[in-house]
Amino acid sequence: MALLLKNAHVVDPSVELDGIRDVLIDGDRIAEVGENLSADGAEVIDLSGKYLVPGLVDMHVHLREPGYEHKEDIESGTRAAAHGGFTGVCSMPNTDPVTDNGVTIEYVKSVAAAKGHCRVYPSGAMTKGLKGEIISEMGDMVAHGCVAFTDDGRGVQGAGMLRRAMDYGKMFGKVFMSHCQDEDLVGEGQVNEGVASTRLGLLGWPAEGEEIQIARDIAIAKLTGAKLHIQHISTAHGIELVRAAKAEGLPVTCEATPHHMFLTEDAITGTYDTSLKVNPPLRTADDAAAVVAAVVDGTVDAIVTDHAPHADWEKSREFELAPFGMIGLETSLALVITNLVKTGKIDYARMVELMSIAPRRILGVDQVSIAAGSLADITVFDADATWTVCEDDFESAAKNSGFKGAELTGRATDVFVGGVATMRDGVVC
């Protein structure tokens, strides 16, 4: 049955659209966009007062399956994605077994097709087992649908190894996504080195542990000609390095998370809330302000969550023993609306670029737009809905959010993937 979405405020900078429109969906495609549309036999959904945008994509998500289903699995992770307004996610390869071959790529795709509530674009490891020793089966993974290469979770430590991976893998035209962490320098660091580590009595994770590898990876991308994407950038100097690389015309992009923009090291108090233990760690207020400024000026290309679910018992241990990471799929859109759009730092068109258009462009997957003929991947949200982040409301199997208790404005209400509703009126289908 055809769907007619009526009276939505449509925002899509790719087709220079910002105004009240109707959208007719027939099958998995948008059939028509216009005013005062009608269609015999179509189901009509009135979206008055709501925004309609090209479906959001989060290009940095840990779905944990296979191997760590006690934390999250593909079904629950994609439920969380749909609840947060996403029509697609890029899954990270630090699973067990590691996603470093075509068989595991096929496993992720098949489970997502059978149980998923959004599209899953699997990334593959750069090196076998994430060990940084042997190049992964890149060609095999690409043949089975891998969209990017990354050793996310630790990053490639050897410069020579990274060069070999890039020199070989660039033939496939995929982006190399880099988790920048010099393990020899970072060591057992727990929180940002400086005031926070001193105050809390925890080992420090210096900004230089991230920045040195950002500089190194940019240099190797220049050497090899490979496309480089810096993951979860968190420091002011890291931003400067990426800005300089872009000015030089290098194929370098980067992403930022809500927690690195809207939380700082000061949020970690004497309660030692392990939900705030993330990698890279929460940085200074100046760092967070620099990341926000880079989102505004275009240096940051995409907003991602680095959704990192963990079981309650894992995060309930001592701070030093608890794993790094927080969940973010269900709060990301609202955090961006609350802290960036409603404050006038960016508009909805820029938000769509950051959360829909750029992620697809960087990953090299098909773009969608609110135009006739486009795939009907659509996100609808109420920009004025107010709500409080509460773990009882999460669809994710994990509850380790650093934003619990936050009062937010804006929330996804409806999501369509290929014309099929995966969330209606706030309820995941």
Does [X] have more than 12 heavy atoms from other residues, nucleotides or ligands lying within 6.0 Å of its [atom1]?
| X | atom1 | value |
| --- | --- | --- |
| Asp366 | CG | no |
| Lys342 | NZ | yes |
| Lys131 | NZ | no |

message: With a 4.5 Å cut-off on side-chain heavy atoms, are Met166 and Arg163 touching?
response: no

Report yes or no: does [X] contribute a side-chain atom to a donor-acceptor pair with the main-chain N or O of [Y] at less than 3.5 Å?
| X | Y | value |
| --- | --- | --- |
| Glu69 | Gly67 | yes |
| Lys6 | Leu37 | yes |
| Asp301 | Glu255 | no |

Taking atom types as modelled and ignoring hydrogens, do the side chains of [X] and [Y] form a donor-acceptor contact shorter than 3.5 angstrom?
| X | Y | result |
| --- | --- | --- |
| Ser234 | Arg283 | yes |
| Asn101 | Asp140 | no |
| His62 | Asp306 | yes |
| His60 | Asp152 | yes |
| His117 | Glu395 | no |

query: For Arg361, what residues pass the side chain to side chain donor-acceptor pair (under 3.5 Å) criterion, not counting sequence neighbours?
result: Glu353

- prompt: Could you state the interatomic distance from CD1 (Ile218) to CD1 (Ile230), rounded to the nearest 0.5 Å?
  reply: 5.5 Å

statement: Of Phe86, Tyr51, Trp387, the one forming a ring pair (Phe, Tyr, Trp, His ring centres under 6.0 Å) with Phe381 is Tyr51

- line: Residues passing the salt bridge (Lys or Arg N to Asp or Glu O under 4.0 Å) test with Arg411, sequence neighbours excluded, are Asp393

field: Glu75: partners by salt bridge (Lys or Arg N to Asp or Glu O under 4.0 Å), with sequence neighbours left out
entry: Arg79

